[in-house]
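On a predicted model such as this, the values are computed, not experimentally measured, just so you know. Order of listing sets the numbers, starting from 1, for every ligand and every atom in it.
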Amino acid sequence: MKFIEFDKTLCDNCFKCLRACPTKAISFNKEERKIMDHLCIKCGRCLAKCPQDALKIKNPIEQIKSDLSSGVSYAVSLAPSFIGAFQLTSPGQMVTGLKKLGFSLIEETAVGAEIVSMNYERLIAEKTGQQMVTSCCPSANYMIEYLYPELIPFILPVVSPMIAHGLYIKQRHESIKVLFIGPCLAKMAEAEEITGAIDAVITFDELSRWFEEEEIILKELATKKFDLAGSRRGRGFPLGTDFVNEQGKARSEHHFKQISGMHQCRSLCEELIQNPIEGYVFELNICEGSCNNGPDFPKNAHQRYHREKLMEAYRLDLDTDYGPSIRLDGNEVEVKRIFSHRKDIRKTPNHNEIKEILRQMGKYTTHDELNCGACGYVDCQEKAQAVFYGYSDVHECLAYLRGKAENMHSVLIDNSPNAVCTIDNKLTIIEINPTFDAIFNDTDVKTVGLPIETFIEEKLFVEALNKRVSVKSKRIYVPSVQRHFITNIIYHGGDDVLLCFFTDITPIEAKKKALEQVKKETLLKTQEVIDKQMRVAQEIASLLGETTAETKMSLNSLKSLVLRDQGGLLDDIEE
Ligand code: SF4
Ligand code: SF4
């Protein structure tokens, strides 16, 4: 597994990680999102900034638990800043808590810091008059190796306190695994690179969660002593290396200067390359305020300056017995370290190449370079360089995308068959598209600046502004142009303006009218036919009635005749 894994399925392209990354070691291009090892100084700032948890770092806790339950013996090297990281009433409660988790040996990393300090003293004394930089902060070391390899000869060639302590524990305890616990993420990478000293690294935040899971409340525990306690000087490392002796005097003829924070460290390195400052030892710490302000303190840790106060008090407390100590001479373990040139040398883009990339991003003049930082880079030039190296794409530029969207938007509006205008809260036209002018204004007078009422009755617009609402699909007729429109008015609260769209439906209305006329005529015709049919029916009926009446009359006459002639004609017929 890489130091940091990037799960691109969780990434929502907010570029917060890239903005936070001091070396711009994250590539965001069409094909991939990844941390670039040759630039990453393992500071962990990106992890802290990602709101999506898309960046992940190895967490060895499950492995440690499994080791402990299968009887593997573990020692803890505990960074001195623990005192401000946890809610304790006494430092010894931390020892008890760690033993409860199953660790058999608890020592302070300050022991390793003392070994390192002794070696620094020796080297500084040998290199009289030179400029030097310390090697305690792995992120600062990575920064020099990756970005400023010219300074490698000036790094004090000594391992960090964590590595020195790990080696020292292993030298005294056979077959023991060593876990380092501190606020630093870079130590995880360092422990993997310099093998044989530290088996696992977890942060204070991870330890705090582990205690929570096990329902261990540190401040309620009894105290225990460290198996090996650190020196006063060693405990001072999280606040910056203590290069003065107990009387506050410098330990050599050199001047000592603490530099913390990425920006300060980088500008010092650039200055030292340009113009060496002889006779000075610079202590570099990437975290501003040194490890006391490291990246992974628990959420409920004491605040930064309270931590500083607690650490200072712990360091100066010579009265309390926190555990046995050993008189060291600095030769306990081999602390020599070699730093190597790891700068990725690439062709630097020339002026024209950068200019061409900026042009692709829609930046033709320096005025177009907004340097907004939205893409994650400090300015447009840095972004263009990243594009040149393939770490970023031109379309990741927000201004470029917005410009493109706005262009498309104005192309759409300008070519719309609908009349479009914007009106301010005084009902004055402030913008129109060509169709608006084509429909409503056949004069030479400029439309923009005129009241909307010049063209369209203002009632609907007044209503939208007064009620601060949008109006949807209202039919209006504009007598001056003899046209019908469907009107949509969008109220834009931010600017208190109306965006109005007029869809000309005059041809549809005309068709509708014609259709209605046809319907009307058809109805009339139908009625005529019905009336005529009725008349014919009535005539037939009356004719039918007349003949029936006549027949009836004839038959009745015949019947009367027959009845009157009884016995006469009828008798003859019978005979
Ligand atoms: S760990 Fe630091 S240097 Fe590496 S990618 Fe994250 S922010 Fe950048
Ligand atoms: S200053 Fe300390 S905590 Fe921060 S990166 Fe360096 S060693 Fe780690």
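Residue-ligand proximity, S139 to ligand 2, at heavy-atom distances under 4.0 Å covers atoms 5 (S). Every atom of ligand 1 is numbered from 1 in the order shown, and the set under 4.0 Å from a heavy atom of C21 is 3 (S), 5 (S), 7 (S), 8 (Fe). Within ligand 2, counting atoms from 1 as listed, the ones closer than 4.0 Å to a heavy atom of N285 are 1 (S). Taking a cut-off of under 4.0 Å to the non-hydrogen atoms of I35, the atoms of ligand 1 that pass are 5 (S). Taking a cut-off of under 4.0 Å to the non-hydrogen atoms of C291, the atoms of ligand 2 that pass are 1 (S), 2 (Fe), 3 (S), 7 (S). Against a heavy-atom cut-off of under 4.0 Å, C137 is close to the following atoms of ligand 2: 1 (S), 5 (S), 6 (Fe), 7 (S). Using a 4.0 Å cut-off to heavy atoms of G294, the atoms of ligand 2 that qualify are 3 (S). Numbered from 1 in the order shown, with element, the atoms of ligand 2 that lie under 4.0 Å from a heavy atom of K187 read 7 (S). Distances below 4.0 Å separate heavy atoms of T23 from the following atoms of ligand 1: 3 (S).
Using a non-hydrogen distance threshold of 4.0 Å, P138 registers as a contact of ligand 2. Heavy-atom distances between A20 and ligand 1 stay at or above 4.0 Å for every pair.
Note that CD1 of I4 is 13.5 Å distant from CG of D7, once rounded to the nearest 0.5 Å.
Ion pairing of E356 with R359 is present here, as a side-chain N (NZ or NE/NH1/NH2) and a carboxylate O approach within less than 4.0 Å.
Residue I26 touches ligand 1 through its side chain alone, judged by heavy-atom distances below 4.0 Å. With a heavy-atom cut-off of 4.0 Å, I41 touches ligand 1 through backbone and side chain alike. Contact annotation: for K24 versus ligand 1, there are no heavy atoms closer than 4.0 Å. At a heavy-atom distance under 4.0 Å, only side-chain atoms of I4, from C-beta outward, approach ligand 1.
For a distance bound of 2.8 Å, the N, O or S atoms of C287 include none lying that close to atom 6 (Fe) of ligand 2.
A cation-pi arrangement, defined by a distance under 6.0 Å to the six-membered ring centre and an angle within 45 degrees of its axis, is present between K42 and Y142. Annotation: cation-pi pair R172/Y168 present, NZ/CZ under 6.0 Å from the ring centroid and within 45° of its normal.
Side-chain atoms of S135 and Y120 include a donor-acceptor pair closer than 3.5 Å.
The nearest protein atom to atom 1 (S) of ligand 1, hydrogens excluded, is given as G44 N, 3.1 Å; this is a heavy-atom distance. Summary of contacts: the protein heavy atom closest to atom 8 (Fe) of ligand 2 is C184 SG, 2.3 Å. Counting protein heavy atoms only, atom 2 (Fe) of ligand 1 is closest to C43 SG, 2.4 Å.
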Is there a salt bridge (charged side-chain N to carboxylate O under 4.0 Å, His left out) between E32 and K8 once you walk through the steps?
CA-CA 8 Å; E32 59 183 8; K8 61 181 176 193; over 6 Å; no
What do the steps show when you test R315 against D317 for salt bridge (charged side-chain N to carboxylate O under 4.0 Å, His left out), and what is the final call?
CA-CA 6 Å; R315 186 177 80 93; D317 179 8; over 6 Å; no
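Between the side chain of R307 and the backbone N or O of H302, at least one donor-acceptor pair lies under 3.5 Å.
Ring geometry for F297 versus F204: interplanar angle of 30 to 60°, hence tilted. Using the six-membered ring where Trp is involved, F15 and F28 have ring planes that are perpendicular, over 60° apart on the 30 and 60° scheme.
For F282 and F154, the distance between ring centers is not under 6.0 angstrom.
Each of N141, I163, I155 was compared with R337 under the side-chain contact (heavy atoms from CB on, under 4.5 Å) criterion, and only N141 meets it.
Of all the listed residues (A25, C40, C46), C46 holds the heavy atom that lies closest to atom 7 (S) of ligand 1.
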